[in-house]
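Beneath this line is the structure, given in structure tokens, with notes to follow.
As the structure is a prediction and not an experimental result, all values here were calculated from the model. Below, chains carry the letters A, B, ... as their sequence lines are ordered, and counting in each starts from 1.
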Number of protein chains: 2
Amino acid sequence: MTGSGALILLVEDEPQMRRFLRVSLEGSGYRYLEAGTGQEGLALAVQHRPEAILLDLGLPDMDGLEVVSRLREWSRIPVIVISARGQETDKVDALDAGADDYLTKPFGTRELLARVRVALRHGGLEAAQEPVFVLDRWRVDLAKRQVLMDGKEVHLTPLEYSLFTTLIRHAGKVVTHRQLLKEVWGGAAGAQPLYLRVYMTQLRHKLEAEPSRPKYLQTEPGVGYRLRMED
Amino acid sequence: MTGSGALILLVEDEPQMRRFLRVSLEGSGYRYLEAGTGQEGLALAVQHRPEAILLDLGLPDMDGLEVVSRLREWSRIPVIVISARGQETDKVDALDAGADDYLTKPFGTRELLARVRVALRHGGLEAAQEPVFVLDRWRVDLAKRQVLMDGKEVHLTPLEYSLFTTLIRHAGKVVTHRQLLKEVWGGAAGAQPLYLRVYMTQLRHKLEAEPSRPKYLQTEPGVGYRLRMED
DNA sequence: GGATTTCCTAACGCCTTCTTAACACCGTTC
DNA sequence: GAACGGTGTTAAGAAGGCGTTAGGAAATCC
């Protein structure tokens, strides 16, 4: 529930508040990006496409409202405004400029984090792009944990799937025996290089057209294995 | 910009607050619907599909948080909670239950209206998805909490229903044992993987043509379960 | 307060998956 | 060409996960 490393952009010039927010966000497992001016904030938003933005209205270079409307020209990234000004007019103006929420200082960490979760919930709906790996006849949907071959489902056991996706994560590169054993069988001892040969054989039989002459699941003698990407 | 007659549902039992809100909303050109209890509110939401909901937490018949989570079983209609309780815990709980905003009484009319505009902006983005899930012989009406098979109603116990709809919400994806236990039995400890096996068996007997050879309610050995979507 | 439904729990047998071993194959080296 | 290290292949036993049933506890309904 605590967001798996969503990227948050913080636009704030006061060092003290910056530190407070940094600790709060990092403590909840979010990735973190910060800007001290509106210009810098807009630039970082363009470059990194954060999943939410915390914006202080009192910036040195430009009005916070302008930051919001400039951002809204091209993006719907959720913006939570943070401000010392608690007047109703300020809130209305910020919200109408395109902000999604308005929090008046001082505020509690837990409320802030709850409102960040709401913002991520909103943003997540649009950008729900699933990581899908496609190669030749294969289609691997990592979100669904599903492997299709020519559109038909191929059943892989947990170890087979883990081995296959590990090769996919390092697609094209050689993955050493040691590394595969560590990532698939999990650091613990007892994992033998023999396992790799057994499971590579099984994978080839399930996924390769000619298991004895693999086109993609290739052996790198003395080093490890590799998922070939060409063709 | 002031919304051309969007339909707002107000769930509130205090007559005074009702009058205040009615005047505010109608004055801004919104159409208007009101309920005095949680039950009535949920029923009106199902019937009229309002574009936003203003919800008071202090209702006579049921907890406001339950209203939100019941609503979230089938709908993403924006919910703005209005409450006299200003404690941080109250806010966090409501927002995490699925509310989109939290306003503490007393509040200003203009801020309320600004936050309503934000809510309508959010709601407008998403395509109004039907709260009915259809697959092969099944038809699940998430708003009515009703499961039909070949047009005939199938009775599911609360746990069976919760398990089934959890799989539906992640349709096509594998849902891990851990995740299912958390979502169905609620984070609290004590939930054992054994439960899943028992209730999956029951679900298959009620919903599958060949319970011993399930077509849709599939096991992913060592990982979890999945509602298959193909065919 | 009794009846009914729903939930939890234990037991048992089956089936998938993992591990392990044995052997065949290939290229290289001496 | 025989020996050797590394790899591919197959199969069988072991371990653990899963499906299924049933009975009693708990909650709910009337």
Side-chain angles (χ1 to χ4, degrees), chain A residues 145 147 153-167 174-178 180-181 183-186 188-226 228, chain B residues 62 66 145 147 153-167 174-181 183-186 188-228:
Chain A
R145 199 188 187 281
V147 179
E153 182 162 357
V154 178
H155 177 74
L156 300 183
T157 71
L159 275 181
E160 288 165 0
Y161 182 83
S162 175
L163 178 56
F164 189 39
T165 53
T166 300
L167 289 173
V174 176
V175 190
T176 65
H177 297 133
R178 181 190 306 272
L180 281 173
L181 288 170
E183 293 195 31
V184 177
W185 273 263
Q192 302 173 31
L194 165 63
Y195 300 169
L196 291 177
R197 281 181 268 141
V198 173
Y199 281 97
M200 284 304 296
T201 298
Q202 288 176 199
L203 270 186
R204 283 170 178 151
H205 272 85
K206 289 186 176 180
L207 297 170
E208 289 274 5
E210 295 179 85
S212 57
R213 212 166 305 139
K215 192 172 173 187
Y216 299 106
L217 296 169
Q218 294 200 320
T219 301
E220 215 67 37
V223 186
Y225 294 88
R226 163 169 67 179
R228 193 155 149 269
Chain B
M62 58 193 287
E66 203 191 327
R145 288 182 141 250
V147 179
E153 179 160 5
V154 178
H155 175 74
L156 299 184
T157 73
L159 272 181
E160 288 165 0
Y161 181 82
S162 175
L163 178 57
F164 189 38
T165 52
T166 300
L167 289 173
V174 174
V175 190
T176 64
H177 298 131
R178 180 190 307 270
Q179 203 173 344
L180 282 173
L181 288 170
E183 294 196 29
V184 177
W185 273 264
Q192 301 174 32
L194 167 63
Y195 302 170
L196 292 177
R197 283 181 267 143
V198 173
Y199 283 95
M200 283 303 296
T201 299
Q202 289 177 197
L203 268 186
R204 294 205 259 238
H205 271 85
K206 289 185 177 182
L207 297 170
E208 288 274 5
E210 295 179 83
S212 57
R213 213 167 301 141
K215 190 173 175 188
Y216 299 107
L217 296 169
Q218 292 200 321
T219 301
E220 213 66 37
V223 186
Y225 294 88
R226 155 163 56 198
L227 180 65
R228 190 153 152 272

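The nearest whole Å value for the distance from the CG atom in B:Leu181 to the P atom in D:dC18 is 11 Å. Atom CZ in A:Arg204 sits about 11 Å away from atom P in D:dT7, given to the nearest Å. Per the geometry, CG belonging to B:Leu203 stands 15 Å off C1' belonging to D:dT20, to the nearest Å. Between the CZ atom of B:Arg197 and the C1' atom of C:dC15 there is a distance of 13 Å, given to the nearest Å. For the pair B:Glu220 CD and C:dT17 C1', the interatomic distance rounds to 13 Å; values are reported in whole Å. Here the P atom of nucleotide C:dC18 and the CG atom of A:Leu163 are 11 Å apart, to the nearest Å. In this structure, CD of A:Glu208 is placed 16 Å from C1' of D:dT9, rounded to the nearest angstrom. Atom NE2 of A:His177 is separated from atom C1' of D:dG5 by 13 Å (rounded to the nearest Å).
Using a 4.0 Å heavy-atom distance criterion, A:Thr219 is classed as a sugar-phosphate-only contact. Residue B:Tyr161 is out of contact with every strand shown, counting any heavy-atom pair closer than 4.0 Å.
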Would you tabulate the pairs of protein nitrogen or oxygen atoms and nucleotide nitrogen or oxygen atoms of nucleotides 7-9 of chain C closer than 3.5 angstrom?
unit_1: C:dC7; atom_1: OP1; unit_2: B:Leu159; atom_2: N; d: 3.1
unit_1: C:dC7; atom_1: OP2; unit_2: B:Thr157; atom_2: OG1; d: 2.4
unit_1: C:dC8; atom_1: OP2; unit_2: B:Trp185; atom_2: NE1; d: 3.1
unit_1: C:dT9; atom_1: OP2; unit_2: B:Tyr195; atom_2: OH; d: 2.2

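Between the side chain of A:Glu208 and the backbone N or O of A:Arg213, no donor-acceptor pair lies under 3.5 Å. A donor-acceptor pair is defined here as one N or O able to donate and one able to accept, closer than 3.5 Å; no such pair exists between the side chain of A:Arg226 and the backbone of A:Glu220.
Here the straight-line distance linking atom CG of A:Leu196 with atom NE2 of A:His177 works out to 6.0 Å at 0.5 Å rounding.
Closest approach of A:Pro158 to B:Gly222, counting heavy atoms only: CG-CA, 4.5 Å.
For A:His205 and D:dT10, the shortest distance from a side-chain N or O to OP1 or OP2 is below 4.0 Å. Contact annotation: A:His155 side-chain N/O to C:dT17 OP1/OP2 distance is under 4.0 Å.
Relative ring orientation between B:Trp185 and B:Tyr195 is described as tilted, the plane-to-plane angle lying within the 30° to 60° band.
Checked against B:Ser162 for a side chain to side chain contact (heavy atoms under 4.5 Å, CB included), the options B:Leu156, B:Leu180, B:Val184, B:Leu167 give a single hit: B:Val184.
Under the 3.5 Å distance criterion, with hydrogens and angles disregarded, no donor-acceptor pair is assigned to the side chains of A:Arg145 and B:Thr176.
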